[in-house]
Every structure is written in structure tokens, then in C-alpha cells.
Amino acid sequence: MLLIKFKLTMQKYIRNGLYLQSGFNMTSSPQNLPWQTMVRIQKSSERPVYLQLCDAVIILIKQGIVKPGTKMPGTRAMAKDLNLNRQTVVKAYDELYAQGWFELVQSSGTFVSQQLPEVKPRKLDIENSELLVSETTGYSFKINEEIHAPIKPNRNITGFHDGPDVRLVPAELLSRGYKSVLNRKSSRHLLSYTEPQGSDFVRKAISGYLNSSHGLQTNENNILITRGTQMAMFLLSEVLLSKGDIVISAELGYRYSELTFMHSGATIIRVPVDDEGIDVDAVERVCRKKKIRALYVTSHHHYPTTVTLNASRRMKLLHLAEQYKFIIIEDDYDYEFHYESSPILPLASADRSGMVVYIGSFSKTLTPGLRMGYIAAPPNLINEFTKLRMLIDVQGDSVMEQVIAELLNEGEIRRHMKKALKIYRERRDFMCTTIKKKLSNVIDFSVPQGGLCIWAKYDKDVSLPELAHRLLKKEIILSPGRLHDISSGKKLNSTRMGFGWMNLNEAEKAITILQDTIFKM
């Protein structure tokens with residue numbers, strides 16, 4: 001990388017009048033510029049030396065230090081100043097001619113192009129002369145006040161993270177599959193542009209998987225491959241929602257889904273959630289008064305409370321969707337994680353009128369770093385999603401998608417999940433038993449039937465944000481629960497406490513530290 005650096009020797013030029021309050025006082029003489037001081041070449045850099053010289057000159061022009069019309073030293077003189085081979089300088093000058101920065105004046109020499117706009121020279125801070133890029137924009141732009149700034153996930157620290165344990169990922173299986181796909185000549189096309197919707201092979205594999213394990217009735221035309229559920233949410237929000245549309249969500253719900261709907265101009269109306277899931281009677285009351293465009297639901301394990309929507313409410317919800325013509329957006333983010341019985345089939349499995357848009361992901365099944373999800377919907381809607389997908393991301397990771405599809409067809413994903421579920425159930429049971437034993441007086445919860453978290457309600461005397469702050473100092477992660485405070489007028493003192501991330505020894509240590517921290521507050 002090229003460095004442009006003014007040393008303290010520049011003070012000599014300042015004293016000699018070559019550097020004024022507004023910058024260099026240019027003359028037509030090339031000898032007045034201290035090129036050997038202004039240009040620093042790194043010969044160990046991978047960037048060719050002649051391009052480093054080009055970069056240096058361009059930056060000096062852009063900074064207003066070298067003005068349009070300035071006469072440049074001859075190539076021999078510049079080479080001597082910079083201790084470079086003359087042919088290197090010739091090559092740099094040729095490049096600057098080609099790019100329009102330089103112009104050749106017959107019998108006079110090389111000049112900085114007069115066609116360039118003159119830039120007001122900046123007063124250079126000698127002590128910070130390497131800082132050439134502004135830290136703020138020179139223009140205004142819309143600030144999104146709804147979404148918090150990105151924060152470090154702190155996944156390097158143990159604790160009650162919401163999500164799967166990446167140490168359980170079948171890395172060898174994925175690696176072997178990836179290598180196998182890349183080594184096949186028949187798979188080389190996957191390294192080029194492929195179908196934005198996902199390849200036929202991948203979509204057929206996902207369709208078969210959903211039909212056999214989720215009870216859906218799809219084919220490849222019903223499937224769009226996405227980069228996880230959040231991309232799916234954005235696509236369907238942009239296609240299905242318009243400004244002023246009303247979306248029903250739960251009082252305790254997923255904040256980022258609501259933000260996505262609001263980004264498309266939708267208005268959110270929230271309805272209560274109890275131990276049987278979202279209150280469908282409340283949904284009906286809203287429908288009688290207002291025109292509803294869509295309803296968002298996490299039917300299998302409600303986010304964040306983990307409860308399952310019961311059978312009678314499921315059937316009534318489908319009936320209401322048909323009656324009032326609203327879309328059901330079913331986010332089945334952790335379908336595979338169910339411990340007490342077989343997973344409850346999604347609403348989409350009983351949809352005969354095309355009212356449900358079903359989204360899921362392998363980011364929970366395998367690992368968050370694997371950005372692969374899907375949308376299942378009628379083909380006419382999938383076609384519209386695909387059009388928009390092309391504007392965001394022309395395609396996904398075609399090779400990894402092929403790997404996952406092959407592992408699905410071979411039954412490897414199911415075998416992995418069977419092993420993982422046994423481990424996660426053991427971790428759930430251990431954490432629930434330990435918390436009840438040590439902290440039942442301050443934490444209230446029900447043992448979840450599925451998922452990777454418990455919904456923990458803390459005693460009002462325990463400040464969750466303060467507790468989370470103190471635990472972080474002890475390198476234990478606990479969500480402060482602010483993400484779930486989405487209903488106006490209510491302040492929760494509850495949070496999701498993940499049990500999937502830690503093994504039994506780690507969980508026991510974390511709970512012990514949690515107990516000690518609470519009692520010292």
C-alpha cells in the first residue's frame with residue numbers, strides 16, 4: 001500500500017514560502033516540489049511500483065496539493081528524486097496520460113491536465129499526514145432511528161446465547177461434501193452464474209425434504225433459495241406490503257420482522273400471546289374492524305416465549321385468513337428442534353387456498369454461518385420474489401447449496417439432527433433442573449417443548465440490563481431482554497436464555513456465576 005507522508009522536513013518548505021495557509025503556492029517549475037518527501041514507495045508491497053507512483057500523484061492532485069497546469073519533472077529527474085528505475089517512471093507517466101491526469105505539451109514537457117477541476121488545497125496536519133480519508137460524509141443522508149447500530153455479537157464469550165452450538169456442526173461432513181462437489185467436472189458450472197431462484201436440483205431436494213418431514217405438498221416451482229430467513233422476510237415484505245398496509249404481530253414477538261414490515265411502510269397491530277400461542281380470537285376482533293393485509297406468526301415455537309400454537313387455533317387462523325383474505329407469514333425458524341413428540345406440522349401443511357407463505361432456514365439446523373434458507377409459496381409469488389432477489393443478490397452460494405441438497409438426499413442432515421437433538425435435550429434438561437434448584441426464587445419459566453432457549457421471567461427486584469452488564473464483565477453472556485420490549489406501555493423483565501450453546505460443565509459454571517452475581521446485586 002502506498003503511503004503519502006510529510007515529514008517534519010516540510011517545515012523547511014513552509015519557512016521558504018512553498019507551503020502557505022491554503023496549501024502549496026504552485027509555480028510552473030517542477031523543481032519546487034519535494035517529490036522525494038511527498039511520495040513514499042513500498043517496494044515490498046504487492047502493488048507494482050509504477051502504480052504506487054500513479055496513486056501518489058493522483059492523490060496529491062485530488063488533495064489540491066498539485067494543481068491543474070503544474071509542470072511535472074521529466075522522467076529522468078523524477079526517477080533520480082525517488083531513487084527509481086527510469087522505465088518505472090515512464091510506465092507510471094504513460095498510465096497517468098492514459099487516465100487523463102497528465103497531458104503532453106509539445107516542446108514544453110508534461111503537465112497536470114488543465115481539464116481537471118481545481119481543488120482548494122488543504123492545510124495538511126504534519127503529525128497526521130497519513131489520514132487521507134474523511135471519517136464522515138460530505139453530504140446528508142437518511143438516518144434509520146428504528147434499528148440500533150450493529151454491535152459485536154461476542155460469540156467468543158460463553159454464556160446463554162440464543163442459537164446452536166457451532167461445535168456440533170458436522171464440519172467434516174460439510175468439508176468432504178464441498179470438496180466432492182468442487183472436484184467434479186460436472187459441477188464446475190456452479191462456480192459461474194446460476195439460477196437466482198436456486199438450481200433445480202437444490203429446489204427439488206428442499207421440496208422433497210419439506211414434503212416428507214414438514215407435511216407440505218410442494219415441487220421445485222414452489223421454492224426459492226435465500227440467504228437465511230431475514231432475506232426471505234425482506235423479499236416478501238417488499239413484494240407483498242405497501243405503505244399503509246396493516247400487519248398483525250404478537251405483543252411478544254420478533255423485533256426484526258416488525259422492523260422489516262415497517263420498512264415497507266406497513267403499520268403493526270399487536271395481539272396477545274398466552275400459553276397456547278397467539279390469541280386468534282383477538283386476531284378475529286381486529287379483522288372485524290380493519291382491513292388486514294398480513295399476519296406474522298412463529299407457530300411451532302413462538303418467538304420469544306417458545307410456546308406452541310395449539311391445533312384448534314391453527315385451524316381457526318387458516319379459516320380467518322381465507323375469510324378475511326389476509327396473508328399468513330409463517331416463520332418456522334427452528335422446526336427441527338422439538339423434544340417432547342414429533343414436531344407439530346406447520347400451518348402451511350394444511351393450507352389449501354394459497355394463504356400461507358412459509359419460510360425456514362438451515363442456519364439454525366446446522367450453523368448461523370451457513371446462510372441458506374428458503375421460501376415455500378405458490379409459483380406465481382415465487383416468481384416475483386425471484387425478480388427482487390436479483391436486485392439484492394444475484395444468487396447464493398451455489399456450491400454450498402449443492403452440498404446441502406446432496407446431504408439432504410442422502411439422509412445425512414437427518415442423521416446429524418438426530419444426534420444433535422439428543423445432546424440439546426440433555427442440555428435443556430440439565431439447565432432447567434439446575435436453574436430451578438438454584439434460582440427458582442428469582443427466575444420463573446416453563447420447560448420448553450422445543451427450541452434452544454427458555455423464556456425466563458426475572459423477579460422485579462433484579463434489573464436485567466444491570467445483571468447482563470455485570471455478567472459481561474465476568475465473560476458470561478446474557479441478553480438484557482430489550483429486544484423483546486416491543487409493545488408500547490410495557491416493560492418486560494424477561495429474556496431468552498439459551499441452553500444449546502453450552503455443554504453441561506459450561507452451563508453449570510455459567511449458572512453458578514449467574515447465581516452469585518444476582519445475590520450480590
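Fair warning: this is a prediction, and the values are worked out from it, not measured in the lab. Throughout, numbering of the chain's residues begins at 1 and tracks the sequence.
Dense packing is recorded around CE of Met521, with more than 12 heavy atoms of other residues, nucleotides or ligands lying under 6.0 Å away. At most 12 non-hydrogen atoms from other residues, nucleotides or ligands lie less than 6.0 angstrom from CG of Asp275. Within a 6.0 Å sphere centred on CZ of Phe519, other residues, nucleotides and ligands contribute more than 12 heavy atoms.
Look at Glu384 and Lys387 and you find a salt bridge, because one of the NZ, NE, NH1 or NH2 atoms lies within 4.0 Å of a carboxylate O, short of that distance. Ion pairing between Glu508 and Lys437 fails under the 4.0 Å rule for side-chain N and carboxylate O. Note on Asp516 versus Lys520: salt bridge recorded, some NZ/NE/NH1/NH2 to OD/OE distance being below 4.0 Å. Between Asp397 and Arg371, no side-chain nitrogen of the basic residue sits less than 4.0 Å from a carboxylate oxygen of the acidic one, so the salt-bridge criterion is not met. Taking the charged nitrogens against the carboxylate oxygens, Arg176 and Glu410 have no contact shorter than 4.0 Å, which rules out a salt bridge. Between Glu258 and Arg270 there is a salt bridge, since at least one side-chain N of the basic residue sits less than 4.0 Å from a carboxylate O of the acidic one.
Not a single salt bridge (Lys or Arg N to Asp or Glu O under 4.0 Å) links Arg293 to another residue, sequence neighbours left out. Considering only residues two or more places apart in sequence or on other chains, Arg414 meets the salt bridge (Lys or Arg N to Asp or Glu O under 4.0 Å) condition with none of them. Ala376 is linked by a side chain to side chain contact (heavy atoms under 4.5 Å, CB included) to Leu210, Leu216, Ile223, Tyr358, counting only residues two or more places apart in sequence or in another chain. By the salt bridge (Lys or Arg N to Asp or Glu O under 4.0 Å) test, Lys142 pairs with no residue at all, sequence neighbours left out. Evaluation of the salt bridge (Lys or Arg N to Asp or Glu O under 4.0 Å) rule for Glu336 yields no partner, not counting sequence neighbours.
For Thr218 and Asn211, the side-chain atoms include at least one donor-acceptor pair closer than 3.5 Å. There is a side-chain donor-acceptor pair under 3.5 Å between Thr194 and Ser398.
For Tyr209 and Phe362, the gap between ring centers is short of 6.0 Å. Under the 6.0 Å cut-off for aromatic ring centres, Tyr335 and His214 qualify, their centroids lying closer than that.
The side-chain heavy atoms of Tyr458 and Leu467, taken from C-beta on, include a pair separated by under 4.5 Å. Between Leu347 and Ile328, some side-chain heavy-atom pair lies under the 4.5 Å cut-off. Side-chain contact between Lys457 and Asn493 is absent, with no heavy atoms from C-beta onward closer than 4.5 Å.
For the pair Arg427 and Trp501, the cation-pi criterion (under 6.0 Å, within 45° of the ring axis) is not fulfilled.
In this structure, Val247 and Ala266 approach most closely via the heavy-atom pair CG2-CB, 3.9 Å.
Taking CD from Glu276 and CZ from Arg313, the interatomic distance works out to 6.0 Å, rounded to the nearest 0.5 Å.
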Please list, one pair per line, the donor and acceptor atoms closer than 3.5 Å that link side chains of residues 416-426 to other protein atoms, with sequence neighbours excluded.
from, atom 1, to, atom 2, distance (Å)
Tyr424, OH, Asp165, N, 3.0
Arg425, NH1, Tyr339, O, 2.8

